[in-house]
Amino acid sequence: MLKGMRRSIQGVNAYQAGRSLSDVMREYGLEHVVKLGSNENSYGPFPMALQAMAGEIDRVNIYPEENFRRLRILLGQRFGLGQENIGIGHGAGGVLDALSRTFIEEGDEVIVPKQTYGLYREISRLMGAALVEVPLRSYRIDLRDIRDAVTERTKLIWLCNPNNPTGTLFDRELLEPLSDMLPDSAWIIADEAYSEFADPSLLPDTVGMIKQGRNIASVRTFSKYYGLAGARIGYVIGSAELIRVYDTVSEPFNANRTGLAGAVATLRHDREAAEDAANSIRRDREELAGRLRELGCGVVPSEANFLFFSAGHDAAVLSERLVRKGVIVRPCTGWGYPEHIRVTIGTGPENGTFLKALGETLPEQAGES
Ligand SMILES: Cc1ncc(COP(=O)(O)O)c(C=O)c1O
């Protein structure tokens, strides 16, 4: 243990990112690798964002005041709110971290689905929270089970919707009743990183709930739908009071000049390109799901830019074989799903490469078992 380190860090695990292109190329001597393990957007960055970011490089000696303000105004307008309702961060990950520091006191109970985005658990532990883990039901977060886990000591509920890694939505009708029965000091943090890929009629109106003054915040990102994962821009939508505190907790200028310029340009000029890409992703998601079923896989219907499926074989072994063929996917063993894989929907050719590699690999693995 590092001398002097806070005790709560002891039980915290480092975030397990998907495998990187360069590592896989070097390790396996491959020239072409398709990266479908981290739910990025293969269609991004979109053209005007790219141009704006390139044009910003020669100003990186200056702090990014202007675009901080512009981005808040633009996002506020999108949601029928003001800039005082938008907090910016270093990706949704940075936003989530600042929210955990805003709310969690040592010993607070924090409710987290058992099979969800791993960061919630680790940042909560870091703050010394007592974790209450609630298993999914049929691969979905069930808000009735979450409700049953609420006590007087509950401080935060992390809800990923659509859920990573399963791609499912919780029942939107149950969110307001859950919010109604919470203690006054408890908050729901809805992580809606993938919400733009979902059917809007199935999403809860989290922004409406914020406008009603409920204890809920919505976290979103430019990493997925807007294709700017490397630019690291995320944001939180919340009450003016929450955002004031969030800004106090966050370090000053917690997003970089090029990323902010890209996000502003995307919102202003790339909306059509982003929606065209999302349409292709939604269409290919359904097509790929059909092809996976033909291969004998059990596919969970998805509302995100990825699919979660059971391959019927050891997912870690299967993923390793796919990597050797130049396709990175995410085995879900760490979530307690030893035969499930999460695959990002890429471009048509990328999805084709994945399907071909899987079609070759499955029979090999079946032959051995
Ligand atoms: C559910 C969820 N929330 C947040 C993030 C972090 O996104 P960002 O790149 O904006 O930090 C991810 C990234 O994969 C995610 O899956």
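Scope of the values below: all heavy atoms of this structure, side chains included, with no hydrogens, waters or symmetry mates. Just so you know, ligand 1 is whichever comes first in the structure, and atom 1 is the first atom listed for that ligand.
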Backbone or side chain, does any N or O of [X] fall under 3.5 Å from an N or O of ligand 1?
| X | value |
| --- | --- |
| R232 | yes |
| C160 | no |
| S38 | no |
| G91 | no |

Any idea which of D191, N164, N305 brings a heavy atom closest to atom 2 (C) of ligand 1?
D191
Near-ring test F306/Y194, centroid separation under 6.0 angstrom:
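Aromatic pair counts; centres sit under 6.0 Å.
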Hey, is H90 one of the residues with a heavy atom under 4.0 angstrom from ligand 1?
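No.
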Does at least one non-hydrogen atom of Y194 fall below 4.0 angstrom from an atom of ligand 1?
yes
Pairing donors with acceptors under 3.5 angstrom, does anything connect the side chains of N164 and R342?
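Yes - a donor-acceptor pair under 3.5 Å links their side chains.
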[X]: numbered ligand 1 atoms lying under 4.0 Å from its heavy atoms:
| X | answer |
| --- | --- |
| G93 | 6 (C), 8 (P), 11 (O) |
| S223 | 8 (P), 9 (O), 10 (O) |
| T221 | 8 (P), 10 (O) |
| A193 | 2 (C), 3 (N) |
| K224 | 13 (C), 14 (O) |

Tell me, which protein residue and heavy-atom name are nearest atom 7 (O) of ligand 1, and how many Å apart are they?
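So the nearest neighbour among protein heavy atoms is A92 CB, 3.8 Å.
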Closest protein heavy atom (residue, atom, distance) for atom 6 (C) of ligand 1
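Ranking protein heavy atoms by distance from atom 6 (C) of ligand 1, first comes Y117 OH, 3.4 Å.
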Of all the heavy-atom pairs spanning [X] and [Y], show the shortest one and how long it is.
| X | Y | answer |
| --- | --- | --- |
| A92 | R220 | CB-O, 3.9 Å |
| S8 | V12 | O-CG2, 3.3 Å |
| Q115 | W335 | CG-O, 3.3 Å |

Parallel, tilted or perpendicular, as decided by the 30° and 60° cut-offs, for the rings of F308 and Y139
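Y139 vs F308 ring planes: perpendicular.
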Charged N to carboxylate O below 4.0 Å: is that the case for K114 and D145?
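No, this pair does not count.
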Under 4.0 Å between a side-chain nitrogen and a carboxylate oxygen: does that hold for R282 and E275?
yes
Check for a donor-acceptor pair, side chain of R6 on one end and backbone N or O of L126 on the other, with a separation under 3.5 Å.
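Yes, R6 side chain to L126 backbone: donor-acceptor pair under 3.5 Å.
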